[in-house]
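This report refers to the structure that appears directly beneath it.
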Amino acid sequence: MNAEKVAAHIINWLKDYVNASGLKGFTIGVSGGIDSAVTSTLCARTGYPVIVLSMPIHQASDQVSRAGEHIAWLSKTYDNVTGHDVNLTPVFEQIKTTLPSAIQDGLTMANTRARLRMITLYAFASHHRMLVVGTGNKVEDFGVGFYTKYGDGGVDISPIADLTKTEVYALGRYLGVSRDILSARPTDGLWEDNRTDESQIGASYDELEWAMAYEAGDKSRDITDHQKNVLEVYRKFNRANRHKMEPIPVCTIPGELKL
């Protein structure tokens, strides 16, 4: 991949999109991970106003510090970037006192965190007349559906959704993203035990990229037992999360029933 040309292409796409929208710029959340770091840097390079939010909810200290350092670097490097730290922990705790305890299982509350961040992003974006920018990569968005519906999946545009995780890392190195972020193990930051993406999915991003390419290519070639296990993991998530990746089903009413 030619990182310089890919970066320029995405930056121009972002400029064209925001200019056509009539809005003023971009709002994006950063987590201390590679995807949000790369996406926010690409937005900053457009020259349009960018609001970057850190939105911790019982967040691990290393994630908060990486997000804060990235916001500080962006703000120092690009005059068009404004950073905000919005601590959502008190709001999340209030939600927990309101919802019935019987429904507060781990996944439900993890998704609630993501949706609370989405509300916050749109509050800033609406006030400042900006676009909310998604940070999902190709494997997450179109392979295993590893995101929260109407949470981090609730965005206006997705600049890096055609890039694999490997390609996002290559772009991050080109853009000057910090070593700490480049070396951090990917995590969605939605669990208090700081679990990684790989531990949740059961396969690494390199393995998922291989499975995604295998499914799109020649399936007749021999594969190892380990690769078969990776394929099963990939297919399980792809089936279960298909509803996130397809348009909302609409019940079409036959014309004769409306007469």
Side-chain angles (χ1 to χ4, degrees), residues 27-33 35-36 39-40 51-68 71 83-128 130-137 140-158 161 184-202 233 236-251:
T27 297
I28 182 169
V30 296
S31 62
D35 294 328
S36 62
T39 308
S40 57
I51 292 176
V52 186
L53 302 179
S54 173
M55 299 171 286
I57 304 174
H58 293 299
Q59 213 76 13
S61 59
D62 61 326
Q63 296 172 24
V64 175
S65 63
R66 286 198 305 271
I71 291 175
H84 294 276
D85 183 8
V86 183
N87 183 11
L88 295 176
T89 299
V91 183
F92 179 70
E93 286 300 313
Q94 185 60 44
I95 291 173
K96 287 169 66 176
T97 67
T98 304
L99 292 176
S101 59
I103 70 166
Q104 294 187 39
D105 61 85
L107 183 58
T108 295
M109 300 315 290
N111 285 332
T112 298
R113 292 189 192 202
R115 291 174 181 131
L116 182 53
R117 290 177 181 146
M118 180 273 293
I119 291 170
T120 306
L121 286 168
Y122 272 98
F124 275 82
S126 175
H127 176 76
H128 293 283
M130 290 180 165
L131 294 161
V132 172
V133 183
T135 63
N137 60 63
E140 291 172 334
D141 283 6
F142 302 111
V144 292
F146 193 65
Y147 59 89
T148 298
K149 198 172 187 178
Y150 306 120
D152 49 331
V155 298
D156 295 318
I157 53 175
S158 294
R185 298 182 69 186
T187 176
D188 57 15
L190 298 177
W191 303 82
E192 293 187 30
D193 60 6
N194 201 23
R195 64 189 67 179
T196 64
D197 291 353
E198 182 174 346
S199 69
Q200 292 186 68
I201 298 171
V233 169
K236 180 187 72 173
F237 275 89
N238 185 273
R239 287 192 302 268
N241 292 327
R242 179 56 49 187
H243 65 99
K244 301 180 186 179
M245 300 179 253
E246 295 177 346
I248 296 173
V250 175
C251 178

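Hydrogens, waters and symmetry mates play no part in the numbers below; they use all other heavy atoms, side chains included.
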On the 0 to 90° scale, with breaks at 30° and 60°, tag the Phe124-His84 ring pair as parallel, tilted or perpendicular. tilted
Rounded distance (nearest 0.5 Å) linking atom [atom1] of [X] with atom [atom2] of [Y]:
X      : Y      : atom1 : atom2 : result
Glu140 : Met245 : CD    : CE    : 11.5 Å
Lys236 : Asn241 : NZ    : CG    : 10.0 Å
Met118 : Thr148 : CE    : OG1   : 10.0 Å
Ser126 : Leu121 : OG    : CG    : 12.5 Å
Asp152 : Arg115 : CG    : CZ    : 9.5 Å
Arg66  : Ser54  : CZ    : OG    : 11.5 Å

Please list, chain by chain and in numerical order, all residues satisfying salt bridge (Lys or Arg N to Asp or Glu O under 4.0 Å) with Arg185, sequence neighbours excluded. none
Would you please name every residue forming a salt bridge (Lys or Arg N to Asp or Glu O under 4.0 Å) with Asp35, sequence neighbours left out? Lys165
Please tell me whether Tyr122 and Asp156 have a donor and an acceptor in their side chains that are separated by less than 3.5 angstrom. yes
Thr97 and Gln94: side chain donor to acceptor below 3.5 Å: yes
Minimal non-hydrogen separation, [X] against [Y], with atom names:
X      : Y      : result
Phe92  : Arg113 : CE1-CG, 3.6 Å
Ala161 : Asp141 : CB-OD2, 3.6 Å
Leu99  : Gln104 : O-NE2, 3.0 Å
Ile95  : Thr112 : CG2-CG2, 4.1 Å
Arg195 : Ser199 : CB-OG, 3.6 Å
Phe237 : Ile201 : CE1-O, 3.3 Å

Strictly distance-based, threshold 3.5 Å: is any side-chain N or O of [X] a donor or acceptor partner for the main-chain N or O of [Y]?
X      : Y      : value
Ser36  : Ser31  : yes
Gln200 : Glu198 : no
Tyr147 : Lys244 : yes
Thr196 : Pro186 : no
Arg117 : Gly29  : no

One pair to check against side-chain contact (heavy atoms from CB on, under 4.5 Å): Asp188 and Asp197. What are the steps and the verdict? CA-CA 7 Å; Asp188 57 15; Asp197 291 353; 4.1 Å; yes
The residue among Thr89, Leu88, Leu190 that forms side chain to side chain contact (heavy atoms under 4.5 Å, CB included) with His58 is Thr89
Could you please spell out the steps behind the side-chain contact (heavy atoms from CB on, under 4.5 Å) verdict for His128 and Thr27? CA-CA 9 Å; His128 293 283; Thr27 297; 5.6 Å; no
Quick one, Phe142 with Asn238, criterion side-chain contact (heavy atoms from CB on, under 4.5 Å). Give me CA distance, side-chain angles, the key distance, then yes/no. CA-CA 8 Å; Phe142 302 111; Asn238 185 273; over 6 Å; no
Could you walk me through whether Thr135 and Ile28 pass side-chain contact (heavy atoms from CB on, under 4.5 Å), step by step? CA-CA 8 Å; Thr135 63; Ile28 182 169; 3.7 Å; yes
